[in-house]
Amino acid sequence: MSDVHPEESVRVEKLQALRAQGISPFAHTYDKANPLGEVISRYQSLTAEDVVETTLSCAGRIVAKRGHGKATFGNIMDESGTLQYYANINILGETAYNTLLHLDIGDIIGITGKPFKSHKGELSLRVETFTMLTKSLHPLPEKFHGLQDKELRYRQRYVDLIANEEVRKTFKTRSEVVFKIREFLNQKGFMEVETPVLHAIYGGAAARPFMTHHNTLDQTLYLRIALELHLKRLVVGGFEKIFEIGRVFRNEGVSFKHNPEYTLLELYQAYADYTDVMALTESLLSQLVFTLTGGYTLTYQGVELNFKAPFKRLTLKDALMHYAQVDMDAPVEVLREKAQNLGLDVSHKPLRGHVIQYIYDKTVEHNLIQPTFIVDYPWETSPLAKRKRDDDRLVERFELIVSAMEIANAFSELNDPIDQYERFLDQVKAREAGDTEAHQMDEDFVHALKYGMPPTGGLGIGIDRVVMLLTDSPSIRDVIFFPHLKQHDNPQ
RNA sequence: GAUCCGGUAGCUCAGUCGGUAGAGCACUUGACUUUUAAUCAAGUGGCCCUGGGUUCGAUUCCCAGCCGGAUCACCA
């Protein structure tokens with residue numbers, strides 16, 4: 001510990017000085033009776049003449065200090081707010097006042113005192129007693145600019161949270177979003193369930209998994225990439241309305257809208273199809289936006305988005321025609337040629353459905369800003385979805401796109417075990433042909449379907465992206481407390 | 001994986017056409033009894049991301065690397 005920062009050693013000396021005075025720099029507990037937010041709302045309307053007789057007991061972190069000789073101002077911050085305190089040598093006496101003067105920004109203290117309005121009109125707490133609760137040994141970022149460095153903000157989120165109020169707000173909103181979704185689904189009669197994170201066979205999405213290993217069983221396990229296959233087993237088991245909000249893990253690239261682990265909501269409703277699920281999705285999201293903003297619109301990155309139901313609906317076929325002038329029903333050679341003309345390399349896309357999906361991804365998605373349901377996908381890219389009732393080249397599936405991001409994905413669930421088995425076989429073939437994201441054969445899932453799964457509608461919603469929209473966050477890293485970053489590899 | 005941008009004090013940032021560095025905040029000391037990005041004065045604080053090269057001399061120029069960001073690719 002010889003290379004301690006000078007400011008740290010100053011603070012360690014102060015800490016020792018406190019101990020020498022018989023003051024513990026790390027108290028065990030404190031009777032924090034009055035959250036600062038409550039104090040502020042209760043006493044904000046005081047006038048300079050008002051005298052309050054109630055003594056309050058508050059606690060928080062010192063975030064600013066303004067000394068004026070024998071009187072001093074500062075601010076303490078707790079989870080609910082920031083309040084000014086005022087200390088005067090006549091009230092505290094010389095010893096205590098001097099101790100208070102030597103506190104550092106970052107220290108956590110308890111204060112008792114009465115609220116009053118300062119001459120400049122700011123609600124303040126007149127310090128009668130104060131208690132050292134936690135000594136802070138490392139200086140906080142500068143008060144005016146906060147912490148700007150993105151890498152530091154993500155790696156040391158604790159500092160980011162102290163320094164930047166809007167970050168605290170973002171994560172409060174995140175918590176509220178999850179709470180409201182649960183509330184909405186509970187009210188609709190959905191039961192929350194938990195399924196395994198460690199999978200012997202992974203599936204439910206097209207993605208590469210993280211692998212791990214069970215030592216005593218000497219077994220390869222995968223971190224789940226989706227919740228789907230276990231939840232549908234539960235529908236087979238008789239649960240008719242279930243959901244899970246859980247972390248999934250995908251071993252893929254990292255970007256402003258991709259984090260290797262993210263939070264997925266999946267729900268399944270028996271005796272429903274994808275049109276029912278679409279209505280549910282619409283009402284869930286529009287109500288969520290209304291609850292959190294008081295209206296149906298929100299501004300995301302400077303663009304106003306309207307979540308008033310009904311959202312726009314567009315078949316994949318119409319979308320392709322409109323945005324790429326491609327007729328989805330054309331022969332596959334024509335589609336390949338069209339793709340080539342659009343500058344797209346589809347040589348590695350084996351089936352017509354893959355070609356169609358690829359053209360869609362490259363030409364349509366980035367144009368969809370307002371909430372839009374894209375409906376009816378080719379069967380080849382949707383191995384778990386049920387074929388469309390009047391066109392077996394398609395499946396009953398929709399995605400919800402907002403601000404060019406996929407927010408939701410849903411379908412009428414495939415419950416024909418024979419068709420499901422064949423689709424898995426196709427996936428296995430694709431995997432053998434080099435598609436690293438194709439599904440594994442899941443015999444037990446097929447076996448489950450053989451007992452009979454009622455007609456079922458299923459939905460997946462990327463919670464992180466919903467939170468991005470609701471908090472106007474440009475990157476998924478801004479809505480995940482500790483986003484994945486590469487490790488620094490020189491341990492010095 | 002590709003391209004571009006960035007990495008200088010705890011934080012926010014200047015700067016050095018190549019001669020080992022500055023400001024503001026924070027911290028220390030002093031002044032100041034109603035301030036609020038408090039003020040004034042004097043200080044402390046730097047492997048200028050890492051490694052090589054060029055050079056008498058590199059934080060600066062060149063090359064490679066590491067980390068981050070953006071865009072693209074990938075991710076239905």
Side-chain angles (χ1 to χ4, degrees), chain A residues 3-11 13-14 48 63-75 82-91 97 102 104-106 116-124 126 136-156 159-160 162-163 205-208 225 250-260 316 344-345 348-349 351 353-362 365 374 377-385 395 397 399 406 409 430 435-439 474-475 477 483 485-490 492:
Chain A
D3 55 347
V4 179
H5 189 267
E7 192 161 333
E8 272 189 32
S9 31
V10 168
R11 291 185 179 213
E13 281 166 26
K14 288 181 175 182
V63 291
K65 278 168 64 190
R66 296 176 291 281
H68 297 272
K70 297 190 166 79
T72 189
F73 291 87
N75 296 87
T82 301
L83 184 68
Q84 174 163 276
Y85 64 83
Y86 169 71
N88 189 301
I89 195 166
N90 296 336
I91 301 172
Y97 184 77
H102 284 84
D104 289 304
I105 290 178
F116 74 105
K117 262 294 171 54
S118 76
H119 289 178
K120 291 286 166 75
E122 177 151 347
L123 180 64
S124 312
R126 185 177 277 110
S136 167
L137 296 182
H138 197 85
L140 284 173
E142 192 223 348
K143 60 189 165 189
F144 189 59
H145 298 90
L147 185 66
Q148 300 294 323
D149 186 288
K150 286 212 165 117
E151 186 171 355
L152 275 183
R153 289 185 45 210
Y154 297 144
R155 285 191 199 278
Q156 301 184 25
V159 184
D160 192 28
I162 295 168
R208 291 156 70 192
I225 57 172
R250 298 191 180 180
N251 206 339
E252 288 162 358
V254 177
S255 81
F256 75 96
K257 52 179 170 177
H258 298 91
N259 194 62
L316 185 62
L344 303 175
D345 175 20
H348 57 296
K349 302 291 172 188
L351 300 173
H354 298 117
V355 176
I356 290 167
Q357 180 85 42
Y358 192 68
I359 298 174
Y360 161 79
D361 288 340
K362 293 297 149 195
E365 200 165 283
I374 298 294
Y377 284 70
W379 69 271
E380 295 95 326
T381 55
S382 315
L384 301 165
V395 292
R397 171 179 177 188
E399 285 190 357
E406 180 191 332
N409 183 20
D435 181 355
T436 52
E437 298 184 340
H439 273 75
S475 168
R477 295 181 202 97
L485 296 184
K486 230 171 165 171
Q487 215 160 7
H488 284 121
D489 72 344
N490 68 342
Q492 91 195 67

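Residue numbers begin at 1 in each chain, while the letters A, B, ... track the order of the sequences.
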Which of these nucleotides, rA73(B), rG68(B), rG10(B), is closest to any side-chain atom of His138(A)? rG10(B)
Main-chain N/O of Ser124(A) paired with Gln84(A) side-chain donor or acceptor, under 3.5 Å: no
Nearest whole Å is fine: how far is rG10(B) C1' from Asp160(A) CG? 16 Å
Could you tell me which residues satisfy ring pair (Phe, Tyr, Trp, His ring centres under 6.0 Å) with Tyr86(A), sequence neighbours excluded, listed by chain and number? Phe73(A), Phe116(A)
Separation between the P atoms of rG7(B) and rC49(B), rounded to whole Å: 8 Å
Apply side chain to side chain contact (heavy atoms under 4.5 Å, CB included) to Ile162(A) and list each qualifying residue two or more places apart in sequence or on a separate chain. Arg61(A), Met77(A), Leu140(A)
Given rG68(B), rU33(B), rU12(B), which nucleotide is nearest the side-chain atoms of Asn90(A)? rU33(B)
Distance below 4.0 Å between Lys486(A) side-chain N/O and rC67(B) OP1 or OP2: yes
My understanding is that a pair needs two contacts under 3.5 Å, Watson-Crick or G-U wobble. By that rule, which nucleotide pairs with rC61(B)? rG53(B)
Remember a base hit wins even if backbone is also touched, and classify Glu406(A) as base, sugar-phosphate or nothing at under 4.0 Å, heavy atoms. nothing
May I ask you to verify if any side-chain N or O of Tyr358(A) is less than 4.0 angstrom from the OP1 or OP2 atom of rC74(B)? yes
Any donor-acceptor pair under 3.5 Å from Ser382(A) side chain to Trp379(A) backbone: no
I need the CD-P distance between Glu252(A) and rC75(B), as an integer number of Å. 8 Å
Mind checking the C1' distance from rU12(B) to rC47(B)? Whole angstroms is fine. 22 Å
Distance, C1' atom - from rG15(B) to rA58(B), rounded to whole angstrom: 16 Å
Holding to side chain to side chain contact (heavy atoms under 4.5 Å, CB included), I want the full list of residues that pass it with Ile89(A), two or more places apart in sequence or in another chain. Lys70(A), Glu94(A), Tyr97(A)
Between C1' on rG46(B) and CD on Glu8(A), what's the gap in Å once rounded to a whole number? 16 Å
Applying the 3.5 Å cut-off to both distances, the Watson-Crick or G-U partner of rC47(B) turns out to be none
Assign each of Tyr360(A) and Pro474(A) to its nearest nucleotide of RNA chain B by heavy atoms, then name whichever residue's nucleotide is nearer the 5' end. Pro474(A)
Hey, which of these two, Ser475(A) or Lys257(A), hits RNA chain B nearer its 5' end, going by closest nucleotide? Ser475(A)
Could you give the distance separating rU50(B) and rG68(B) at their C1' atoms, to the nearest angstrom? 15 Å
Where the side chain of His354(A) meets the backbone of Leu351(A), is there a donor-acceptor pair that is under 3.5 Å apart? yes
Separation between the P atoms of rG19(B) and rG30(B), rounded to whole Å: 40 Å
Return the value, rounded to whole Å, for the distance between atom CZ of Arg477(A) and atom P of rC67(B). 14 Å
Assigned partner base of rA31(B), Watson-Crick or wobble definition, under 3.5 Å: rU39(B)
Can you name the residues that form a side chain to side chain contact (heavy atoms under 4.5 Å, CB included) with Glu399(A), not counting sequence neighbours? Tyr360(A), Glu365(A), Tyr377(A), Arg397(A), Ile401(A), Glu406(A), Asn409(A)
Quick check on rG69(B): is either OP1 or OP2 less than 4.0 Å from any side-chain nitrogen or oxygen of Arg155(A)? no
Check: Ser136(A) main-chain N/O paired with Arg11(A) side-chain donor or acceptor under 3.5 Å: yes
Nearest-Å distance once atom C1' is located in both rG57(B) and rA23(B): 28 Å
Donor-acceptor contact present, side-chain Lys349(A) to main-chain Tyr358(A), <3.5 Å: no
Would you classify Asn409(A) as touching base, sugar-phosphate or nothing, given that sugar-phosphate means primed atoms plus P, OP1 and OP2, and contacts are heavy atoms under 4.0 Å? nothing
Just the rounded figure in Å: distance from C1' of rG10(B) to CD1 of Ile162(A). 13 Å
Heavy-atom neighbours of Arg66(A) CZ exceed 12 at 6.0 Å: yes
Both distances below 3.5 Å, Watson-Crick or wobble geometry, any strand: find the nucleotide opposite rG68(B). rC5(B)
I need a per-nucleotide contact map over nucleotides 25-31 of chain B, read 5' to 3'. Cutoff is protein heavy atoms under 4.0 Å; write B for the base, S for backbone only, - otherwise. BBSSS--
For nucleotides 34-36 of chain B, print each protein N/O atom paired with a nucleotide N/O atom at under 3.5 Å, atom names and distance only.
unit_1  : atom_1 : unit_2    : atom_2 : d
rU34(B) : O2'    : His119(A) : ND1    : 3.2
rU34(B) : O2     : His119(A) : N      : 3.0
rU35(B) : OP2    : Lys120(A) : NZ     : 2.3
rU35(B) : O5'    : Lys120(A) : NZ     : 3.4
rU35(B) : O4'    : His68(A)  : NE2    : 3.3
rU35(B) : O2'    : His68(A)  : NE2    : 3.2
rU35(B) : O2     : Arg66(A)  : NE     : 2.8
rU35(B) : O2     : Arg66(A)  : NH2    : 3.3
rU35(B) : O2     : Gln84(A)  : OE1    : 3.2
rU35(B) : N3     : Gln84(A)  : OE1    : 2.9
rU35(B) : N3     : Gln84(A)  : NE2    : 2.9
rU35(B) : O4     : Gln84(A)  : NE2    : 2.9
rU35(B) : O4     : Ser118(A) : OG     : 2.4
rU36(B) : O4'    : Arg66(A)  : NE     : 3.1
rU36(B) : O2     : Gln84(A)  : OE1    : 3.4
rU36(B) : O2     : Glu122(A) : OE1    : 2.7
rU36(B) : N3     : Glu122(A) : OE1    : 2.6

When you compare rU54(B) with rU71(B), how far apart are their P atoms, in angstrom units rounded to a whole number? 40 Å
If the C1' atom of rC25(B) is compared with that of rU39(B), how far apart are they to the nearest Å? 14 Å
Please check this pair: side chain of Asp104(A) against backbone of Gly106(A), looking for a donor-acceptor N/O pair closer than 3.5 Å. no
